Participant: 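To start, I am sharing the structure in question, which I have written as structure tokens.
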Amino acid sequence: MTRSAILIILLMTIVNAQTPVINKVEPPNWWVGMKNNHIQLMVYGEGLMGATASSSSGITVKGTQGFNENYLFIDIEVEQNAKPGIHPIAIKNNGKTVYVDYPVRQRTGKKPAGFSSSDVIYLVMPDRFSNGDTGNDSVPGLSEAIDRGYFDGRHGGDIQGIINKLDYLKETGFTALWLTPVVENNTFRSYHGYSATDFYNVDARLGTNDLYKKMVQEAQKRGLKVILDHVANHFSKDHVWIAQLPHPGWINGSIKNPPPPMHHKQSFSDVNGDSSTIKRVVEGWFTDYMPDFNQTNEFVANYIIQNTLWWVEFAGLDGIREDTYPYNHEGFMAEWARVIKEEYPTINIVAEVWTGEPAFLSYYQSGSKTRKSFENYITSLTDFGLRDAIYKYLEGKGTTLYAVYTALAMDHLYADPNAMVTFVDNHDINRAMYGADSNVAKVLTALDILMTTRGIPQIFYGTEIGIKGTDHHGYLRADFPGGWKEDPRDAFTAKGRTETENLIYNHLKKLISIRLGNPAFTRGKLVHFPPERNVYTYFRELDGASFMVAVNGSKMKSFIEYDYYKRRLDGWSSAVDLLTGEKYTITKDGKLELPPYTSVIFKLEK
């Protein structure tokens with residue numbers, strides 16, 4: 001054997017016998033006393049193929065599995081009698097041993113408050129709301145710095161900015177806060193948060209994990225619940241995983257040949273459909289830069305479930321909004337939700353299901369009458385059915401409030417219509433003011449309906465001051481005026497708002513007060529009538545209290561005749577309009593005239 005051959009063998013032996021290198025462990029910690037105390041750690045590093053692990057002192061290693069040199073999966077049990085603190089885990093390979101000091105923490109005991117029809121949710125896209133810390137506008141190692149001049153760029157809003165405006169939210173009357181995802185998005189067009197490159201760390205341009213936790217605590221001190229926007233379906237192609245997948249079956253399809261997106265959400269409830277259509281919807285990539293998780297892979301399933309539990313426990317969250325729900329594997333998502341509800345029985349989950357057809361939308365709610373084969377534990381859905389009807393009314397084009405009446409007339413399809421999250425706009429769709437072509441009065445009537453009908457109302461940041469935007473995502477997600485110190489005015493204050501902005505803001509603030517101050521609007525029975533002369537009229541009734549809402553959706557003045565509603569008005573002789581304070585007498589042959597695009601919210605009196 002030649003000297004060079006011997007040298008090569010020696011070098012190969014040295015390489016193969018190298019000490020394992022540990023770069024990161026996920027989840028980064030766990031807690032004593034969790035029902036889910038069997039955890040699968042994913043260790044990132046080098047020289048991990050074939051490694052074994054062991055531990056003592058409160059943690060039991062149940063087994064290890066690895067599929068390449070860069071990742072090791074360690075199944076552990078956090079014993080019931082484990083003490084909070086650091087628990088060493090020994091990782092051994094090629095006769096070399098390294099140690100991971102794994103933190104096991106004490107739980108705070110906080111239970112999620114959930115959210116319900118007694119809440120009003122405020123939706124914020126952090127990058128576009130308020131810049132409270134200019135020091136994180138540009139972060140070394142992250143791909144995009146602040147560029148407010150570019151509609152699809154990062155604008156610099158952050159978590160500190162949200163903390164600074166919590167009093168504004170409380171003063172307006174909101175009771176729950178939903179942020180679009182705050183985890184690291186170290187990729188292009190990263191401001192929206194839906195393309196994760198790190199599922200366990202807040203994007204440094206938004207803040208830190210501890211600052212996020214502080215925001216949650218500060219919000220809850222003010223009576224604001226906090227909802228996690230979670231993404232189980234996909235991640236960014238710029239995630240470190242793409243260089244070497246943790247498991248060969250980590251994603252659906254392949255990086256080089258991603259399955260095309262399929263948007264046939266109705267296929268899940270289609271009794272005449274072929275199962276291959278569902279398979280294509282589930283396995284197709286949402287976009288070619290967002291690889292799709294293979295949720296039938298047990299390692300992926302464990303990762304996603306643990307990640308969700310970790311954020312709820314770490315930050316003390318109250319609810320979850322699950323992104324792109326129908327594109328996930330529905331069997332896995334049912335198990336995901338079951339585990340979360342088992343650990344946190346008081347939590348609520350709203351699934352984003354982007355379809356305006358109640359017949360298809362209702363399939364995805366817990367207790368669905370059209371899905372009887374399994375329980376999915378999803379209590380709330382995004383009510384695109386009602387939203388689409390309201391938006392069509394705002395646009396006009398021959399559509400009246402009859403569309404709203406029709407949408408709500410299909411409530412029999414839902415297991416719980418009052419658990420639907422209702423809205424007129426959000427971060428993915430045109431704003432109400434854009435749809436109404438700046439017709440303020442028309443937008444106010446849409447808000448009147450939103451705040452007095454059934455469901456859990458959600459307001460997109462800036463809707464309360466009439467931000468219009470365009471039909472492009474980068475523009476409809478406009479910066480909130482006054483969220484940046486260099487802004488010429490501060491629309492968070494009455495002084496900084498225009499006359500029109502104050503009109504909208506004050507109207508919505510009063511609507512929220514009316515809704516939350518009268519349980520009939522949050523929990524009461526909804527009784528509605530087909531629109532007459534373009535006036536949509538309905539009642540909310542609870543425990544002997546009754547309220548009548550009449551909305552003129554016409555550009556012409558109109559009227560209603562009390563006799564038409566006599567079955568609901570029997571026994572009531574007068575009313576006070578909660579919007580204006582004006583009093584009215586109700587008589588059998590009387591009528592109520594309504595100016596164009598106006599509403600009354602009557603509290604009926606004996």
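Small disclaimer: the values here were computed from a predicted structure and weren't measured.
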Participant: Going through the distances and angles, do Val353 and Thr324 end up as a side chain to side chain contact (heavy atoms under 4.5 Å, CB included)?
Facilitator: CA-CA 6 Å; Val353 182; Thr324 55; over 6 Å; no
Participant: Apply the test side chain to side chain contact (heavy atoms under 4.5 Å, CB included) to residues Asp428 and Glu352: give CA-CA distance (whole Å), side-chain angles for both, the deciding distance (0.1 Å), then the verdict.
Facilitator: CA-CA 11 Å; Asp428 283 328; Glu352 183 206 23; 3.7 Å; yes
Participant: Counting the benzene-type ring for Trp, do Phe492 and Phe129 have ring centres under 6.0 Å apart?
Facilitator: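 Between Phe492 and Phe129, the centre distance is under 6.0 Å.
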Participant: Could you walk me through whether Phe293 and His234 pass ring-ring contact (aromatic ring centres under 6.0 Å, His included), step by step?
Facilitator: CA-CA 5 Å; Phe293 275 121; His234 53 262; 8.4 Å; no
Participant: So, does Thr453 use its side chain to make a donor-acceptor pair with the main chain of Leu450 at under 3.5 Å?
Facilitator: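 The answer is no, because no donor-acceptor pair under 3.5 Å joins these two groups.
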Participant: Of all residues at least two apart in sequence or in a different chain, which pass the side chain to side chain donor-acceptor pair (under 3.5 Å) check with Glu218?
Facilitator: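 With neighbours one apart ignored, the set is Lys221, Arg222.
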Participant: Less than 6.0 angstrom separating the ring centers of Tyr325 and His230, yes or no?
Facilitator: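 Distance test on ring centres: not under 6.0 Å, no.
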Participant: Checking Leu401 against Val551 for the side chain to side chain contact (heavy atoms under 4.5 Å, CB included) test, could you report, in this order, the C-alpha distance in whole Å, the side-chain angles of both residues, the deciding distance, and whether it holds?
Facilitator: CA-CA 9 Å; Leu401 287 175; Val551 183; 3.8 Å; yes
Participant: Which label fits Phe286 and His263: parallel for a plane angle under 30°, tilted from 30 to 60°, or perpendicular past 60°?
Facilitator: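 Geometry flag for His263 against Phe286: perpendicular rings.
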Participant: What I'd like to find out is whether the side chain of Leu542 reaches to under 4.5 Å of the side chain of Pro519, using heavy atoms alone.
Facilitator: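 Heavy-atom side-chain distance check passes, below 4.5 Å.
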Participant: I'd like to know if the side chain of Thr175 and the backbone of Val120 have a donor-acceptor N/O pair within less than 3.5 Å.
Facilitator: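 It does hold such a pair.
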Participant: Below 6.0 angstrom between ring centroids: does that apply to Phe547 and Phe539?
Facilitator: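 No: the rings miss the under 6.0 Å criterion.
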Participant: Measure across Thr422 and Pro457 and return the closest heavy-atom pair with its distance rounded to 0.1 Å.
Facilitator: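 So the minimum-distance heavy-atom pair works out to OG1-CA, 3.3 Å.
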Participant: Take atom NZ in Lys603; do more than 12 heavy atoms of anything else shown fall under 6.0 Å from it?
Facilitator: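 Open.
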Participant: Testing the 3.5 Å rule here: is there a donor-acceptor pair between the side chains of Gln220 and Asp318?
Facilitator: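 Side chains of Gln220 and Asp318: pair found under 3.5 Å.
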Participant: Taking the side chain as everything from C-beta on, heavy atoms only, tell me whether Pro181 gets closer than 4.5 Å to Val231.
Facilitator: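 Of all side-chain heavy-atom pairs linking Val231 with Pro181, at least one is under 4.5 Å.
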Participant: Sequence neighbours left out, what passes side chain to side chain donor-acceptor pair (under 3.5 Å) with Lys214? Give chain and number order.
Facilitator: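 Not a single residue meets the side chain to side chain donor-acceptor pair (under 3.5 Å) criterion with Lys214.
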Participant: Determine whether more than 12 heavy atoms belonging to other residues, nucleotides or ligands lie under 6.0 Å from atom NZ of Lys279.
Facilitator: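 Result for NZ/Lys279: open.
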Participant: Do Asn534 and Ser558 meet the criterion of a side-chain donor-acceptor pair at a distance under 3.5 Å?
Facilitator: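 Checked: Asn534/Ser558 side chains show no N/O donor-acceptor pair below 3.5 Å.
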Participant: Are Glu532 and Ile560 close enough that some pair of their side-chain heavy atoms sits under 4.5 Å apart?
Facilitator: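 A side-chain contact is absent here, since even the closest heavy-atom pair is not under 4.5 Å.
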Participant: Between Tyr536 and Tyr538, does the ring centre distance come in under 6.0 Å?
Facilitator: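 Distance test on ring centres: under 6.0 Å, yes.
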Participant: Ignoring hydrogens and geometry, is there a side-chain-to-backbone donor-acceptor pair from Ser380 to Ala419 under 3.5 Å?
Facilitator: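 Yes, the answer is positive, given that a donor and an acceptor are paired below the 3.5 Å cut-off.
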Participant: Is a donor from one side chain sitting under 3.5 angstrom from an acceptor on the other, for Thr370 and Ser368?
Facilitator: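 Looking only at side-chain atoms, Ser368 and Thr370 do form a donor-acceptor pair, the distance falling under 3.5 Å.
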Participant: Between Arg371 and Phe374, is there a donor-acceptor pair closer than 3.5 Å when you use the side chain of the first and the backbone of the second?
Facilitator: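 Present.
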Participant: If we count only N and O atoms by modelled type, under 3.5 Å, do the side chains of Glu395 and Tyr434 hold a donor and an acceptor together?
Facilitator: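 No, no side-chain donor-acceptor contact under 3.5 Å.
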Participant: Quick one: are Leu386 and Phe423 in side-chain contact, heavy atoms under 4.5 Å?
Facilitator: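 SC-SC contact between Leu386 and Phe423 ruled out.
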Participant: Quick check: closest heavy atoms across Ser118 and Leu516, and the distance to 0.1 Å?
Facilitator: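 The answer is O-CD2, 3.3 Å.
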Participant: Taking side chain as C-beta onward, heavy atoms only, is Pro112 less than 4.5 Å from Leu317?
Facilitator: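 Sidechains of Leu317 and Pro112: no contact.
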Participant: Are Tyr122 and Thr172 linked by a side-chain donor-acceptor pair shorter than 3.5 Å?
Facilitator: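 No, no side-chain donor-acceptor contact under 3.5 Å.
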Participant: Is the shortest side-chain heavy-atom distance between Asn552 and Val535 below 4.5 Å?
Facilitator: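 Yes, close enough: below the 4.5 Å cut-off.
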Participant: Do Gln295 and Asn328 have side-chain N/O donor and acceptor atoms under 3.5 Å apart?
Facilitator: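 Yes - a donor-acceptor pair under 3.5 Å links their side chains.
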Participant: Only one of Thr180, Asn348, Asp229 passes side-chain hydrogen bond (donor to acceptor under 3.5 Å, both in side chains) with Arg321; say which it is.
Facilitator: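 By the side-chain hydrogen bond (donor to acceptor under 3.5 Å, both in side chains) criterion, Arg321 pairs with just one of Thr180, Asn348, Asp229: Asp229.
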Participant: Would you please say whether a donor-acceptor pair under 3.5 Å links the side chains of Lys265 and Tyr327?
Facilitator: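 Yes, because at least one side-chain N or O of Lys265 sits under 3.5 Å from a partner of the opposite role on Tyr327.
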Participant: Contact between Lys509 and Glu171 at the side-chain level, heavy atoms closer than 4.5 Å - yes or no?
Facilitator: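 Yes, at least one pair of side-chain atoms sits under 4.5 Å.
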Participant: Take atom NZ in Lys525; do more than 12 heavy atoms of anything else shown fall under 6.0 Å from it?
Facilitator: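 No, the 6.0 Å shell around NZ holds no more than 12 heavy atoms from other groups.
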Participant: Specify the closest pair of heavy atoms between Leu224 and Lys170, including all atoms of both residues, with the distance to one decimal.
Facilitator: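 Taking every non-hydrogen atom into account, CD1-N, 4.5 Å.
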Participant: Establish, for the pair Arg497 and Tyr505, whether the NZ or CZ atom is under 6.0 angstrom from the six-membered ring centre and no further than 45 degrees off its axis.
Facilitator: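 Ring-cation test returns yes.
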Participant: Given Tyr414 and Asp383, is the side chain to side chain contact (heavy atoms under 4.5 Å, CB included) satisfied, shown in steps?
Facilitator: CA-CA 11 Å; Tyr414 299 113; Asp383 194 350; 3.9 Å; yes
Participant: Please step through side-chain hydrogen bond (donor to acceptor under 3.5 Å, both in side chains) for the pair Tyr377 and Glu342, ending with a clear verdict.
Facilitator: CA-CA 10 Å; Tyr377 306 95; Glu342 182 180 63; over 6 Å; no
Participant: So, using side chain to side chain contact (heavy atoms under 4.5 Å, CB included) as the criterion, who are the partners of Asp577 when residues are at least two apart?
Facilitator: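 Listed in chain order: Leu579, Thr580, Tyr584, Val600, Ile601, Phe602.
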Participant: Using a 4.5 Å cut-off on heavy atoms from C-beta on, say whether the side chain of Asp471 contacts that of Leu476.
Facilitator: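 Not touching, per the 4.5 Å side-chain cut-off.
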Participant: Going by distance alone, is a donor N or O of one side chain under 3.5 Å from an acceptor N or O of the other, for Ser438 and Lys468?
Facilitator: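 Yes - a donor-acceptor pair under 3.5 Å links their side chains.
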Participant: For the rings on Trp572 and Tyr565, is their centre-to-centre separation under 6.0 Å?
Facilitator: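 Ring-ring flag for Trp572/Tyr565: false, centres at least 6.0 Å apart.
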Participant: Verify whether one side chain among Tyr344 and Glu313 offers a donor that lies under 3.5 Å from an acceptor in the other.
Facilitator: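 A donor-acceptor contact under 3.5 Å links the two side chains.
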Participant: Are Tyr364 and Glu330 close enough, and set up right, to give a side-chain hydrogen bond (donor to acceptor under 3.5 Å, both in side chains), and what steps lead you there?
Facilitator: CA-CA 9 Å; Tyr364 295 94; Glu330 63 177 349; over 6 Å; no
Participant: If every non-hydrogen atom of Arg515 is compared with every non-hydrogen atom of Phe521, which pair is closest and at what distance?
Facilitator: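 What the structure gives for the nearest pair is NH1-O, 3.2 Å.
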Participant: Any donor and acceptor pair, going by atom type alone, linking the side chain of Arg540 with main-chain N or O of Ser546 inside 3.5 Å?
Facilitator: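 Answer holds: no.
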Participant: Is the gap between the ring centers of Trp336 and His329 under 6.0 Å?
Facilitator: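 No, the ring centres sit 6.0 Å or more apart.
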Participant: Tell me whether Lys392 at atom NZ has more than 12 heavy atoms from other residues, nucleotides or ligands lying less than 6.0 Å away.
Facilitator: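 12 or below, so no.
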Participant: Should His507 and Asp448 be marked as a side-chain hydrogen bond (donor to acceptor under 3.5 Å, both in side chains) after you check the CA-CA gap, both sets of side-chain angles, and the distance that decides it?
Facilitator: CA-CA 9 Å; His507 188 82; Asp448 293 339; 2.6 Å; yes
Participant: Do Lys591's NZ or CZ and the ring of Tyr562 fall within the cation-pi criteria of under 6.0 Å and 45°?
Facilitator: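 Geometry flag: not set, cation outside 6.0 Å or 45°.
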Participant: What heavy-atom pair brings Lys225 and Asp119 nearest, and what distance separates the two atoms?
Facilitator: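 Minimum heavy-atom contact is NZ-OD2, 2.8 Å.
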Participant: Quick one: closest heavy-atom pair of Ile586 and Ala575, and the distance?
Facilitator: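 Heavy atoms only, the tightest pair is CD1-CB, 4.0 Å.
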Participant: Could you tell me whether the side chains of Asp127 and His192 share a donor-acceptor contact shorter than 3.5 Å?
Facilitator: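 Not at all, the side chains of Asp127 and His192 share no donor-acceptor pair under 3.5 Å.
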